[in-house]
Amino acid sequence: MNIGQLSRLSGASARSIRHYEKAGLLVSTRQSNGYRTFGPDAVRRIQHIVRMIRLGFSLEELATFSPCMFTNASNVVCPNAREAHREKLADVERQISELEARRARLLETLSTPRG
């Protein structure tokens, strides 16, 4: 399928698809006219990429994941990527803690009488 078809089927923009390809997360072949052609698994692969981005992973992080992350048809986490998910969760929890501390300082500042 061409990039326009893939965009319609996956919901990702053509620009995003090119970006995923440039990052090494998606593979295409070139037709004689120079147009990209993607295989039928590209839709599911893009869906996985988008899901992982929504979880907070960068394209650089995704590039380090085992290929099983992109061949699994379900939302089950690939065993090789479990540690990356644990690390991402720890990072999110650290950020939450920092935000809660910042919130407490702001509330304390706002509750202090003026003058």
Fill in the blank from the handout: When rounded to the nearest 0.5 Å, the distance separating CG of Leu62 from CG of Leu25 is 5.5 Å
Practice task
Can you sort out the partners of Ser58 under side chain to side chain contact (heavy atoms under 4.5 Å, CB included), two or more places apart, ordered by chain and number?
Solution key: Glu60, Glu61
Problem - Donor-acceptor under 3.5 Å (Ser7 side chain, Ala12 main chain) - result: yes
Problem - Gap separating the CG atom of Asp41 from the NE2 atom of His48, nearest 0.5 angstrom - result: 10.0 Å
Problem - Co-members of Ile96 in a cluster of I, L, V, M, F, W and Y side chains, linked at under 4.5 Å - result: Val92
Completion exercise
Hits for side chain to side chain donor-acceptor pair (under 3.5 Å) against Ser16, two or more places apart or cross-chain, chain-then-number order -> Ser13
Exercise for the section: Please indicate whether Glu108 has more than 12 foreign heavy atoms, meaning atoms of other residues, nucleotides or ligands, lying under 6.0 Å from its CD. Expected result: no
Problem - Rounded distance [0.5 Å steps], CD1 in Ile49 versus CG in Leu59 - result: 7.5 Å
Problem - With sequence neighbours excluded, residues passing salt bridge (charged side-chain N to carboxylate O under 4.0 Å, His left out) with Glu98 - result: Arg94
Handout entry: All side chain to side chain contact (heavy atoms under 4.5 Å, CB included) counterparts of Gln47, not counting sequence neighbours
Key = Val43, Arg44
Problem - With Glu21 via salt bridge (charged side-chain N to carboxylate O under 4.0 Å, His left out) - residues at least two apart - result: Arg36
Exercise for the section: Quick one: pull up CG in Leu6 and CG in Leu26 and give me the separation to the nearest 0.5 Å. Expected result: 6.5 Å
Exercise for the section: Give a yes or no on this: more than 12 heavy atoms of other residues, nucleotides or ligands lie within 6.0 Å of atom CZ of Arg30. Expected result: yes
Completion exercise
Using a 4.5 Å side-chain heavy-atom cut-off and chaining through intermediate ILVMFWY residues, the residues clustered with Tyr35 come out as none
Exercise for the section: Check whether any side-chain N or O of Lys88 sits under 3.5 Å from a backbone N or O of Gly56 as a donor-acceptor pair, and report yes or no. Expected result: yes
Problem - Hydrophobic cluster identity match, Leu55 and Leu89, side-chain contacts under 4.5 Å - result: no
Practice task
Under the ring pair (Phe, Tyr, Trp, His ring centres under 6.0 Å) rule, collect the residues that match up with Phe57, sequence neighbours excluded.
Solution key: Phe65, His85
Practice task
With rounding to the nearest 0.5 Å, note down the distance linking OG in Ser28 to CD1 in Ile3.
Solution key: 8.0 Å
Exercise for the section: Using salt bridge (charged side-chain N to carboxylate O under 4.0 Å, His left out) as the criterion, list what pairs up with Arg86, not counting sequence neighbours. Expected result: Glu83
Practice task
Would you kindly confirm whether Val27 and Met52 end up in one hydrophobic cluster when ILVMFWY residues are joined by side chain heavy atoms under 4.5 Å apart?
Solution key: no
Practice task
Please name all residues satisfying side chain to side chain contact (heavy atoms under 4.5 Å, CB included) with Arg105, sequence neighbours left out, ordered by chain then number.
Solution key: Ala101, Arg102
Exercise for the section: Kindly write out the residues that satisfy side chain to side chain donor-acceptor pair (under 3.5 Å) with Arg15, not counting sequence neighbours, or none if the list is empty. Expected result: none
Problem - Validation row: Ile46, Leu9 side chains within 4.5 angstrom (heavy atoms) - result: no
